[in-house]
Protein chains: 2
Amino acid sequence: MAGLDRYIAVLRLFSQGQSEWTVNDMAERLGVPQSTVYRTVRDLMGENFLEMASEARYRLGSVFIEFDRLLRLTDPLLTAGSQVLQDVVAAAGVPCVGLLCRLYNDTVMCIADATAPGATFSSSYERGRPMPLTMGATSKAILAHLPARRFSRVVEQSPDARSQAFRTELMAVRKAGVCISSGEIDADVVGVAAPILSKSPGVLASLSIVLPQTIADDAMVARIAAATMAGARRIEEGLSSSSGL
Amino acid sequence: MAGLDRYIAVLRLFSQGQSEWTVNDMAERLGVPQSTVYRTVRDLMGENFLEMASEARYRLGSVFIEFDRLLRLTDPLLTAGSQVLQDVVAAAGVPCVGLLCRLYNDTVMCIADATAPGATFSSSYERGRPMPLTMGATSKAILAHLPARRFSRVVEQSPDARSQAFRTELMAVRKAGVCISSGEIDADVVGVAAPILSKSPGVLASLSIVLPQTIADDAMVARIAAATMAGARRIEEGLSSSSGL
DNA sequence: TCAATGTTTCTCACATTTCGGGAATGAGCT
DNA sequence: AGCTCATTCCCGAAATGTGAGAAACATTGA
């Protein structure tokens, strides 16, 4: 292990379940000597990637919040999409949650959300949380538009997606330009998601609305599907005009 | 340049003003050959610290959003403070903005904010934005509680804070346990900030309420000052109980 | 089709840096 | 003082990054 890897290996130790580490535990877990870990930790602290929690314990540092702000201010998908996201949620006119999510390696990550007034639930797609690519409308709207080679690779690796039925379902999603699913990730909610495509490489995302099954009838879902698709088109326009700067 | 520095130097190039870079520009700016920059960029992309924007341009990657979530979920100050922050804003009962900010190197950084319904303004203390330590109630509440040695160093380096009057003002803030200022950062708003202190090292923060000058009279400011101080106490309690796990 | 251009990766010899084991320092506690 | 634990320091050996240029690859235009 060398270079960036050593630093990343340390950072990746920190999780929701274990958010503080001692140098000893890190060294043991990574299988490298303490002196090396101390050096690594010192470097990371110097750049605020880590900070001291208390008595020999370390935790993630605030530099991530700083870079997160930079992303919020400059990410084209966010700048083009966050207003649209709010508009679509408002236009839905029901207690729902709106999500703007993107492909992130072999997962889907929410980068912005909007909650309509009155919504008493929340989605598992929290901002910054990697989610599986093969479940949920939000994810499948993205998966359906992966290039064939990559699509196959992802599907092969996922036990719950290897069926032929799944492939044909996703083909239909691709054709329709919208994906609707019910209770796949969170019970009792319906997800309606439209893909966001763009010429520029690496932009593959979705705009989705999540609402309680109890209030969702066919007409409402159809209306919301149209709204998300229209929103997705608007975001695509915003992306292509901003990239032309 | 070696080790982490090389990587950080690249990441620090990205700013609000220039959010996309070509390898050429990076190499020129950093004064290192292109081949080296290519290697560095490739490594950073592999870990999602950078991503390709378009045609030979690179931008910050989404890994920061992922780590930002981890921080939101695990940072003791945030977990102890975000509920209190909302409570204090609600208790204020006026269109105001609440801020939870912390010391970050020689700056102050907002880590959480809450806007009361009806507030038509926003604070310059955006989440993740480093702010000067010597201006604004939010910052001065923190500065006033820096250890003497560090306090002096910061004050010396800041042209607008070198006066004796400033030192005595901050002494008074320290005594009072609250800092109130008007229009120092944003015109036409009043800031009311209470320091958050804790035994654990590195925890130095403030809880503040920002409200328009037009609605702020002495009685209201006094009431809000008491509320922020009470909130700060509650957060301190939350911190000490959680660290005892 | 071929040349031209720009981006990205690769190669290789060399110097620099990191690595890791252990010793040294330092702070806190009894 | 003496003990324990956290952290830094030291140094030779070994691995890694460095940088200049060439090569691969993609795109564009003639």
Side-chain angles (χ1 to χ4, degrees), chain A residues 1-11 13-14 18-61 147 149-150 198-203 240 243-245, chain B residues 1-14 18 20-61 147 149-150 198-203 240 243-245:
Chain A
M1 192 174 0
L4 234 203
D5 291 347
R6 167 142 286 138
Y7 296 103
I8 304 300
V10 167
L11 292 180
L13 289 175
F14 294 81
Q18 185 154 10
S19 61
E20 296 189 356
W21 286 78
T22 66
V23 170
N24 262 321
D25 292 344
M26 293 189 236
E28 189 173 341
R29 178 65 119 73
L30 297 175
V32 296
Q34 291 202 15
S35 56
T36 300
V37 175
Y38 268 112
R39 244 191 313 249
T40 308
V41 166
R42 186 164 23 132
D43 291 351
L44 288 170
M45 279 207 292
E47 301 293 345
N48 295 109
F49 281 83
L50 289 182
E51 63 182 28
M52 192 159 315
S54 65
E55 190 64 27
R57 306 183 87 82
Y58 298 87
R59 77 166 85 94
L60 293 175
R149 172 171 287 111
R150 196 157 167 211
S198 175
K199 302 99 218 79
S200 43
V203 178
S240 54
S243 71
L245 280 179
Chain B
M1 195 174 357
L4 235 202
D5 292 347
R6 186 162 37 92
Y7 297 103
I8 303 301
V10 168
L11 291 179
R12 286 292 182 190
L13 290 174
F14 294 80
Q18 184 153 12
E20 296 188 357
W21 286 78
T22 66
V23 170
N24 263 321
D25 291 344
M26 293 189 238
E28 188 173 343
R29 179 64 119 72
L30 297 175
V32 295
Q34 291 201 16
S35 55
T36 299
V37 175
Y38 268 112
R39 246 190 314 247
T40 308
V41 167
R42 183 161 29 125
D43 291 351
L44 288 169
M45 279 207 291
E47 302 293 345
N48 296 109
F49 282 82
L50 289 183
E51 63 181 28
M52 194 161 312
S54 66
E55 190 65 25
R57 308 183 85 82
Y58 297 87
R59 77 166 85 94
L60 292 176
R149 173 170 289 109
R150 199 159 164 208
S198 175
K199 302 99 216 78
S200 43
V203 179
S240 54
S243 71
L245 281 179

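Chain letters run A, B, ... following the sequence lines, proteins first, then strands; residues in each count from 1.
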From [atom1] of [X] over to [atom2] of [N], roughly how many Å is that when rounded to an integer?
X	N	atom1	atom2	value
D43(A)	dC9(D)	CG	C1'	15 Å
M45(B)	dT8(C)	CE	P	8 Å
D5(B)	dG17(D)	CG	P	14 Å
L30(A)	dG20(C)	CG	P	11 Å
R39(A)	dT16(D)	CZ	P	14 Å
L4(B)	dG17(D)	CG	P	13 Å
M52(B)	dC25(D)	CE	C1'	13 Å
E28(B)	dG19(D)	CD	P	16 Å

[atom1]/[X] to [atom2]/[Y] distance, rounded to the nearest 0.5 angstrom?
X	Y	atom1	atom2	answer
Y7(B)	I8(A)	OH	CD1	9.0 Å
R59(A)	S54(A)	CZ	OG	7.5 Å
L60(B)	E20(B)	CG	CD	10.0 Å
R39(B)	T36(B)	CZ	OG1	5.0 Å

Q34(A) or T40(B), whichever maps to the more 5' nucleotide of DNA chain D =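 The residue closer to the strand's 5' end, by nearest nucleotide, is Q34(A).
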Y38(B) side chain near dG17(D) phosphate (N/O to OP1/OP2, under 4.0 Å) =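 So the side chain of Y38(B) is outside the cut-off, no N or O lying under 4.0 Å from OP1 or OP2 of dG17(D).
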* Asked: Should T36(A) be listed as having a side-chain N or O under 4.0 Å from OP1 or OP2 of dG20(C)?
  ->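 It does, given that an N or O in the side chain of T36(A) lies less than 4.0 Å from OP1 or OP2 of dG20(C).
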More than 12 heavy atoms from other groups under 6.0 Å of CZ on R12(B):
yes
| request: State whether the number of non-hydrogen atoms from other residues, nucleotides or ligands found under 6.0 Å of Q18(A) atom CD is greater than 12. | output: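 Count over threshold, so yes.
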Measure from the side chain of [X], starting at C-beta and using heavy atoms only, and say which of [options] lies closest.
X	options	result
R42(B)	dT7(D), dC10(C), dT8(D)	dC10(C)
R6(B)	dT8(C), dT18(D), dA6(D)	dT18(D)
A56(A)	dG17(D), dT7(D), dT8(C)	dT7(D)

Would E47(B) and D5(A) count as a side chain to side chain contact (heavy atoms under 4.5 Å, CB included) if you check the C-alpha gap in whole Å, the side-chain angles of each, and the deciding distance to 0.1 Å?
-> CA-CA 9 Å; E47(B) 302 293 345; D5(A) 291 347; 3.7 Å; yes
Five pairs at each end of the helix from dT1(C)-dA30(D) to dT30(C)-dA1(D): take the axis at both ends and give me the angle between them to 10°.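 What I find for the helix from dT1(C)-dA30(D) to dT30(C)-dA1(D) is an axis angle of 40°.
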With sugar-phosphate taken as primed atoms, P, OP1 and OP2 and all else as base, the protein-contact string of nucleotides 22-30 of chain C at under 4.0 Å (heavy atoms; B, S, -) is B--------
Exercise. Decide yes or no for V23(B) and Y58(B): does some side-chain heavy atom of the first lie under 4.5 Å from some side-chain heavy atom of the second?
Key: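 Counting from C-beta outward, V23(B) and Y58(B) do come under 4.5 Å.
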V10(A) and W21(A): side chain to side chain contact (heavy atoms under 4.5 Å, CB included), yes or no, with the steps? CA-CA 10 Å; V10(A) 167; W21(A) 286 78; over 6 Å; no
